[in-house]
Amino acid sequence: MLSNKIFCCLIILALSIAFTGCKKSNEPPPHNLFENDQLVLKTAKDLIGENISFSSSGFFDSDSVKSIVAGAEVSEKNEWGIRFYLISWIEGEFQVKYDTGLLEGSFVQCMVDKIKFSDPGSELIYYNSRSYFLGTGGGDVYSHIINLKNQKVYSAHLSVASERSISLELSDNIDKPLIKNFFISYFRRDYPNLRLVEKSI
């Protein structure tokens with residue numbers, strides 16, 4: 001008799017755990033969090049660490065459910081650059097779904113924001129290092145457009161050796177004319193004589 005009661009209790013316990021687990025996975029993300037920049041930043045820091053330099057919420061991964069993008073600067077002995085993370089709501093909790101790997105750039109004096117083209121329709125991240133790597137004798141500008149939904153990074157590298165030697169190098173994975181034209185037109189505003197070079201970055 002006692003063993004039957006214990007067995008019944010164990011079955012009820014197992015069913016309640018299973019039910020709770022299913023309920024958790026179906027829970028929607030807390031939408032009010034996405035409207036609060038401080039909560040977005042805290043969510044990113046809780047998952048990735050304190051060295052977050054950029055965070056934003058938007059429709060990066062889905063057209064119906066918002067997610068979070070966070071950017072961190074990496075400055076270690078063998079690694080230096082920036083990295084972006086996609087934080088999505090998965091099975092009732094926030095998880096890092098994708099990271100870009102290490103990219104050229106710095107978050108000091110940079111420009112980074114959401115951007116949207118008609119194709120693709122989801123929100124993207126646009127990064128530009130601006131004048132941080134430029135000096136009086138020339139230098140470099142690094143720019144990236146990040147499609148988090150498709151897990152692709154499109155890159156452009158402007159190299160200024162002198163007033164007459166300016167080149168724009170585009171990554172060879174750019175498969176959207178809108179993105180290619182965006183990079184070219186952006187840099188030609190300041191450097192109309194730039195020479196276009198298409199190769200893998």
Side-chain angles (χ1 to χ4, degrees), residues 14 16-117 120-130 132-133 141-157 171 173-176 179 201:
S16 65
I17 290 171
F19 178 76
T20 305
C22 292
K23 187 178 178 183
K24 182 182 178 184
S25 66
N26 292 327
E27 286 179 359
H31 287 284
N32 58 330
L33 178 146
F34 297 118
E35 312 309 320
N36 186 317
D37 293 342
Q38 293 302 316
L39 288 177
V40 168
L41 178 61
K42 182 182 184 306
T43 301
K45 285 184 174 181
D46 287 346
L47 280 172
I48 298 162
E50 288 295 320
N51 63 328
I52 299 298
S53 300
F54 168 81
S55 62
S56 180
S57 66
F59 296 99
F60 303 112
D61 191 29
S62 165
D63 296 332
S64 57
V65 179
K66 284 189 173 182
S67 53
I68 295 171
V69 169
E73 187 149 345
V74 179
S75 181
E76 298 175 0
K77 187 175 182 180
N78 298 320
E79 286 189 319
W80 190 87
I82 58 175
R83 189 186 298 262
F84 288 91
Y85 301 84
L86 172 65
I87 300 170
S88 297
W89 184 260
I90 302 170
E91 297 183 353
E93 63 182 4
F94 285 110
Q95 297 179 29
V96 175
K97 184 175 180 180
Y98 166 71
D99 78 79
T100 60
L102 201 63
L103 305 174
E104 297 279 2
S106 170
F107 282 111
V108 180
Q109 300 174 9
C110 76
M111 175 175 67
V112 57
D113 207 348
K114 293 187 287 188
I115 191 172
K116 191 170 185 178
F117 297 100
S122 57
E123 290 182 299
L124 313 174
I125 290 293
Y126 174 64
Y127 167 86
N128 188 300
S129 64
R130 304 179 82 175
Y132 182 70
F133 299 101
V141 178
Y142 299 100
S143 186
H144 308 289
I145 292 175
I146 304 165
N147 183 334
L148 296 143
K149 185 175 183 178
N150 294 335
Q151 301 184 1
K152 288 187 175 181
V153 179
Y154 306 106
S155 299
H157 171 208
S171 59
N173 69 334
I174 298 176
D175 50 4
K176 305 288 184 185
I179 292 176
I201 296 183

Any chance you could measure [X], atom [atom1], to [Y], atom [atom2], to the nearest 0.5 Å?
| X | Y | atom1 | atom2 | answer |
| --- | --- | --- | --- | --- |
| Lys42 | Ile52 | NZ | CD1 | 13.0 Å |
| Ile87 | Ser55 | CD1 | OG | 8.5 Å |
| Glu93 | Ser88 | CD | OG | 12.0 Å |
| Lys116 | Leu124 | NZ | CG | 9.0 Å |
| Lys176 | Asn147 | NZ | CG | 8.0 Å |

Would you find a donor on one side and an acceptor on the other, under 3.5 Å apart, between the side chain of His144 and the backbone of Glu104? yes
Just by distance, do the side chain of Lys114 and the backbone of Ser57 share a donor-acceptor pair under 3.5 Å? yes
Val69: which of Ile125, Val112, Ile146 passes side-chain contact (heavy atoms from CB on, under 4.5 Å): Ile125
Single hit among Phe54, Tyr142, Phe107 for side-chain contact (heavy atoms from CB on, under 4.5 Å) with Ile82: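 The option that passes is Phe107.
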ring-ring contact (aromatic ring centres under 6.0 Å, His included) contacts in which one or both residues fall within residues 58-81, not counting sequence neighbours: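 Qualifying pairs, neighbours excluded: Trp80-Phe133.
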Quick one: list whatever passes side-chain contact (heavy atoms from CB on, under 4.5 Å) with [X], sequence neighbours left out.
| X | value |
| --- | --- |
| Thr43 | Leu33, Ile68, Phe94 |
| Asn32 | Pro30 |
| Asn36 | Gln38, Leu39 |
| Gln151 | Tyr98 |

For [X], give me all partners under salt bridge (charged side-chain N to carboxylate O under 4.0 Å, His left out), at least two apart in sequence or on another chain.
| X | result |
| --- | --- |
| Asp37 | none |
| Asp99 | Arg83 |
| Glu76 | none |

After noting the C-alpha distance and the side-chain angles of Asp175 and Tyr154, does the key distance pass the side-chain hydrogen bond (donor to acceptor under 3.5 Å, both in side chains) rule? CA-CA 9 Å; Asp175 50 4; Tyr154 306 106; 3.0 Å; yes
Kindly write out the residues that satisfy side chain to side chain donor-acceptor pair (under 3.5 Å) with [X], not counting sequence neighbours, or none if the list is empty.
| X | result |
| --- | --- |
| Ser62 | Ser64 |
| Ser106 | Glu73 |
| Tyr126 | Asn128, Ser143 |
| Glu79 | none |

Test: Lys66 and Glu123 ion pair at under 4.0 Å: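 Looking at Glu123 together with Lys66, the answer is no, because their closest N to O distance does not fall below 4.0 Å.
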If we only count heavy atoms from C-beta on, is the [X] to [Y] side-chain gap below 4.5 Å?
| X | Y | result |
| --- | --- | --- |
| Glu50 | Lys45 | yes |
| Val40 | Ser56 | no |
| Lys97 | Asp61 | yes |

Side chain to side chain contact (heavy atoms under 4.5 Å, CB included), that's the test. Do Cys110 and Tyr127 meet it? Break it down for me. CA-CA 7 Å; Cys110 76; Tyr127 167 86; 3.6 Å; yes
Test side chain to side chain contact (heavy atoms under 4.5 Å, CB included) applied to Arg130 and Gln109, step by step: CA-CA 7 Å; Arg130 304 179 82 175; Gln109 300 174 9; 5.8 Å; no
